[in-house]
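Here is how names work: the chains are called A, B, and so on, in the same order as the sequence lines, proteins then strands, and each is numbered from 1.
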Amino acid sequence: NAGVTQTPKFQVLKTGQSMTLQCAQDMNHNSMYWYRQDPGMGLRLIYYSASEGTTDKGEVPNGYNVSRLNKREFSLRLESAAPSQTSVYFCASASGRQNTEAFFGQGTRLTVV
Amino acid sequence: QQPVQSPQAVILREGEDAVINCSSSKALYSVHWYRQKHGEAPVFLMILLKGGEQKGHDKISASFNEKKQQSSLYLTASQLSYSGTYFCGTVTGANNLFFGTGTRLTVIP
């Protein structure tokens, strides 16, 4: 049982390059999330998706786009990477019912130089 | 919408107790608590759904004051394995989940 799978685990980009972070879950969850984690800032919500076909902005959406491709997959795209986007990115999923936990992927460490 | 946690960091000796607080500026549907070890993903501890609800998990428990939009995590008789960063997560609307800045807990022998 894989749970939440993120790819890649590590990535180095040059300023201005673009890339897509992939996330897939095999738990038939409705809700999926993207967070970034920076020292002293905790986990900040970038975008989330309550169900297939819907996405909503979180606290720090600028510079990012997302796609909920199907129920399993939720991707995060950086169109023109900036050094300020250097961070650890976590994808998470939850069933969407109120009394259930969120499961996290192992994270993607992104460095923009 | 990020909830505020306090303290930012705490150091305990084994066997001591700690309280971590979480407060939100918005009304809460539920509160989650997670623990993250260094270099790993956050792991779920517990969820509180109703105002006044309290839950326990071994020697870790939590309470939720819906009226005050606050939650507290209680760690009793701390063990070395409790070390890590604790996050509260708050649900303020349909399927969102916002996390606080975290509390780094270090337990020393």
Original post:
Any side-chain heavy atom of B:L97 within less than 4.5 Å of one from A:Y33?
Top reply: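 Yes. Closest side-chain heavy atoms under 4.5 Å.
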
Original post:
Where is the tightest heavy-atom contact between A:L43 and B:P42, given as atom of each residue plus distance?
Top reply: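 Shortest heavy-atom contact: CD1-CG, 4.0 Å.
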
Subject >> Heavy-atom closest contact (B:A41 atom, A:G105 atom, distance) >> reply: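 The answer is CB-O, 3.2 Å.
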
Just verifying a value: how many Å separate [X] [atom1] and [Y] [atom2], rounded to the nearest 0.5 Å?
| X | Y | atom1 | atom2 | answer |
| --- | --- | --- | --- | --- |
| A:S51 | B:N95 | OG | CG | 8.0 Å |
| A:Y48 | B:F98 | OH | CZ | 5.5 Å |
| A:Q37 | B:T101 | CD | OG1 | 11.0 Å |

**OP:** Evaluate ring pair (Phe, Tyr, Trp, His ring centres under 6.0 Å) for B:Y34 paired with A:F104, printing each intermediate quantity in order.
**Re:** CA-CA 11 Å; B:Y34 293 75; A:F104 282 81; 5.8 Å; yes

Subject >> Contact winner vs chain B - A:A50, A:A92, A:G58, heavy-atom pairs under 4.5 Å >> reply: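 Among A:A50, A:A92, A:G58, the one with the most close pairs to chain B is A:A50.
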
**OP:** Indicate whether the side chain of A:Q106 and that of B:E40 have a donor and an acceptor atom separated by less than 3.5 Å.
**Re:**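 There is no such pair (donor and acceptor under 3.5 Å, judged by atom type) between the side chains of A:Q106 and B:E40.
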
Original post:
Any link between A:F90 and A:Y64 through a network of hydrophobic side chains (Ile, Leu, Val, Met, Phe, Trp, Tyr) touching at under 4.5 Å?
Top reply: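 No, it is not one cluster - the side chains of A:F90 and A:Y64 are not joined through contacts under 4.5 Å.
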
Original post:
Is there a path of hydrophobic side-chain contacts, each under 4.5 Å between heavy atoms of I, L, V, M, F, W or Y residues, that connects A:V88 with A:L21?
Top reply: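 Unlinked, A:V88 and A:L21 end up in two clusters.
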
**OP:** Output yes when a side-chain donor or acceptor of B:Q2 lies under 3.5 Å from a complementary backbone atom of A:M41, and no otherwise.
**Re:**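 The answer is yes, because a donor-acceptor pair under 3.5 Å joins these two groups.
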
**OP:** Please lay out, stage by stage, how B:F99 and A:E59 fare under the test side-chain contact (heavy atoms from CB on, under 4.5 Å).
**Re:** CA-CA 10 Å; B:F99 285 93; A:E59 303 161 277; over 6 Å; no

Subject >> Residues A:E101, B:W33; criterion side-chain contact (heavy atoms from CB on, under 4.5 Å); working and verdict >> reply: CA-CA 9 Å; A:E101 67 195 87; B:W33 285 97; over 6 Å; no

**OP:** Would you mind checking which part of B:Q8 comes under 4.5 Å of any heavy atom in chain A, side chain (CB onward), backbone (N, CA, C, O), both or neither?
**Re:**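 Nothing of B:Q8, per the 4.5 Å heavy-atom cut-off to chain A.
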
Original post:
More than 12 heavy atoms of other residues, nucleotides or ligands under 6.0 Å from NZ of A:K57: is that the case?
Top reply: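 No, the 6.0 Å shell around NZ holds no more than 12 heavy atoms from other groups.
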
